[in-house]
Amino acid sequence: MSDRPTEGGDGSGNERESGSTARRGAVLGKLERPAAQLDVDGRNELYEQGRGMAGALIVLGISFVYTNEAWWLAIQLPAVELVAIVVVGLALVIPIVRSIGFRSDDTAEGPRSGGTALHIRFGELLFQSLVIAYVTLFLLGVVTVEQSIATVARIGLVFAVPLAFGAALANELLSGEQEELSEAGFPRNLGVFALGAIFFCAPIAPTEEVVDIAGQVSWAKIGAILGFSLVSTFLVLHVLEFRGQRERLQNRSRRMQVAQTCMVYLVGTIVAVALLLTVGEAGSGSLSAWVRRSVVLAFPSTIGASAARVVLS
């Protein structure tokens with residue numbers, strides 16, 4: 001008789017312990033799932049922001065950044081006219097954001113159908129255009145730490161408008177649910193790279209801006225431009241989920257991805273040098289000046305090569 005309560009007590013204790021363990025497991029599972037989901041959401045958000053910045057350069061911004069008149073416009077234009085141009089320009093971006101979307105979760109029906117709210121999308125677009133504008137202009141020596149805050153702000157506002165157009169159109173033109181074309185193999189893809197490089201840098205090569213930029217930036221900036229060109233190319237081709245990325249990543253190790261990035265940059269550099277020799281001024285000046293101008297022009301050339309890889313796949 002005295003043994004039964006002891007056995008029943010042990011069984012009840014085991015059941016309680018088992019139930020407690022199960023509850024703890026369930027709670028931990030609920031905590032782990034949101035954490036994993038947060039990691040995915042955070043990564044997707046970074047891709048969204050990076051895609052907008054890269055698209056800003058690809059669609060419209062890179063040629064505008066190399067325009068001397070735009071640099072001086074920011075400095076010489078009266079403040080009232082400058083603000084009016086920026087307000088009107090950014091206002092024209094809003095219909096684009098509403099109609100075609102800007103993020104991958106936007107739908108054709110607009111923000112009320114479940115996509116991101118319009119004011120949030122527009123704020124992100126403006127943020128992306130300003131960040132990529134200042135990064136690029138700082139690398140090219142257009143924006144410097146010696147300039148006043150007012151001058152830096154004016155330059156950023158001028159470039160925010162065309163870059164915002166590029167960022168707004170990037171999601172529709174370069175990503176989304178568009179059909180992915182089969183990847184062109186070597187050496188056919190070299191022609192695709194060269195075509196994009198020529199398309200982007202041919203209008204820039206004959207201008208004085210290449211000479212001006214190359215003459216005023218330090219060797220550290222030249223190295224940074226080269227590194228930024230390589231990083232941008234790698235992100236566009238293999239990270240930011242632009243159109244055709246699945247094909248580009250298929251059966252390719254990270255080493256092969258880096259090799260393709262270097263090949264794109266090599267093609268872009270060859271095109272830049274060829275254009276400088278034919279229509280530019282690479283042949284004048286010292287070897288140092290020649291190398292500087294080549295690297296400066298290879299930046300838009302490489303952006304064009306990687307863009308062609310995305311668009312023409």
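Each residue takes its place number in the sequence, starting with 1.
The two atoms that bring Val264 and Ala305 nearest to each other are CG1-CB, 3.7 Å, heavy atoms only. Considering all non-hydrogen atoms of both residues, Val217 and Leu139 come closest at CG1-O, 3.9 Å. Taking both residues in full, the closest heavy atoms of Phe159 and Trp71 are given as CZ-CD1, 3.5 Å, listed atom of the first, atom of the second, then distance. Nearest heavy-atom pair, Ser301 versus Ala197, reported as atom, atom and distance to 0.1 Å: OG-CB, 3.1 Å. Taking each heavy atom of Leu90 and Ala164 in turn, the nearest pair found is CD2-CB, 4.0 Å. The two residues Val279 and Ala205 have their closest heavy-atom pair at CG2-CB, 3.9 Å.
Judged by distance alone, with hydrogens and angles left aside, the side-chain atoms of Gln128 form no donor-acceptor pair with the main-chain N or O of Leu163 at under 3.5 Å. With hydrogens and angles ignored, the 3.5 Å screen pairs a side-chain donor or acceptor of Thr207 with a backbone N or O of Ile204. Looking at Tyr134, its side chain does come within 3.5 Å of a backbone N or O of Val152 through a donor-acceptor pair. Checked by atom type and distance alone, the side chain of Thr144 never pairs as donor or acceptor with a backbone atom of Gly141 at under 3.5 Å. Distance alone, capped at 3.5 Å, places no donor-acceptor pair between the Glu209 side chain and the Thr67 backbone.
Here the side chains of Leu226 and Ile222 are not in contact, with every heavy-atom distance at 4.5 Å or above. Looking only at side-chain heavy atoms (C-beta outward), Glu208 and Asn68 stay at 4.5 Å or farther from each other. For the pair Val135/Met53, no side-chain contact is recorded, criterion being any heavy-atom separation below 4.5 Å from C-beta on. Put simply, the side chain of Ser232 does not reach to within 4.5 Å of the side chain of Thr302, judged on heavy atoms. Looking only at side-chain heavy atoms (C-beta outward), Met263 and Leu190 come within less than 4.5 Å of each other. Within the 4.5 Å cutoff, the side chain of Thr136 has no heavy atoms near those of the Tyr66 side chain. Taking 4.5 Å as the limit, every side-chain heavy atom of Val86 sits out of range of all side-chain heavy atoms of Val158.
In this structure, Val267 is not a member of the same hydrophobic cluster as Ile270, with clusters built from ILVMFWY side-chain heavy atoms closer than 4.5 Å. No continuous path of ILVMFWY side-chain contacts below 4.5 Å connects Leu266 to Leu297, so the two sit in separate hydrophobic clusters. Under the 4.5 Å side-chain heavy-atom criterion for ILVMFWY residues, no single connected hydrophobic cluster contains both Trp72 and Val80. By the rule that hydrophobic residues join a cluster once side-chain heavy atoms approach within less than 4.5 Å of another member, Val258 and Val231 end up as members of one cluster. Follow the hydrophobic side-chain contacts under 4.5 Å out from Leu92 and you reach Leu73 in the same cluster.
Taking CZ from Phe193 and OH from Tyr265, the interatomic distance works out to 15.5 Å, rounded to the nearest 0.5 Å. One distance of note links CG of Leu77 with CD1 of Ile85; it measures 5.0 Å at 0.5 Å rounding. The line from CZ of Phe200 to OG of Ser63 is 8.0 Å long, rounded to the nearest 0.5 Å. For the atom pair Gln147 CD and Arg154 CZ, the distance stands at 12.0 Å (nearest 0.5 Å). For the atom pair Asp212 CG and Arg293 CZ, the distance stands at 9.5 Å (nearest 0.5 Å). Here the straight-line distance linking atom CZ of Phe299 with atom OG1 of Thr233 works out to 9.0 Å at 0.5 Å rounding.
The environment of CZ in Phe199 is sparse: at most 12 heavy-atom neighbours from other residues, nucleotides or ligands sit within 6.0 Å. Around CH2 of Trp219, the count of heavy atoms belonging to other residues, nucleotides or ligands within 6.0 Å exceeds 12.
Judged by the 6.0 Å distance and 45° axis criteria, Lys221 is positioned over the aromatic ring of Phe138.
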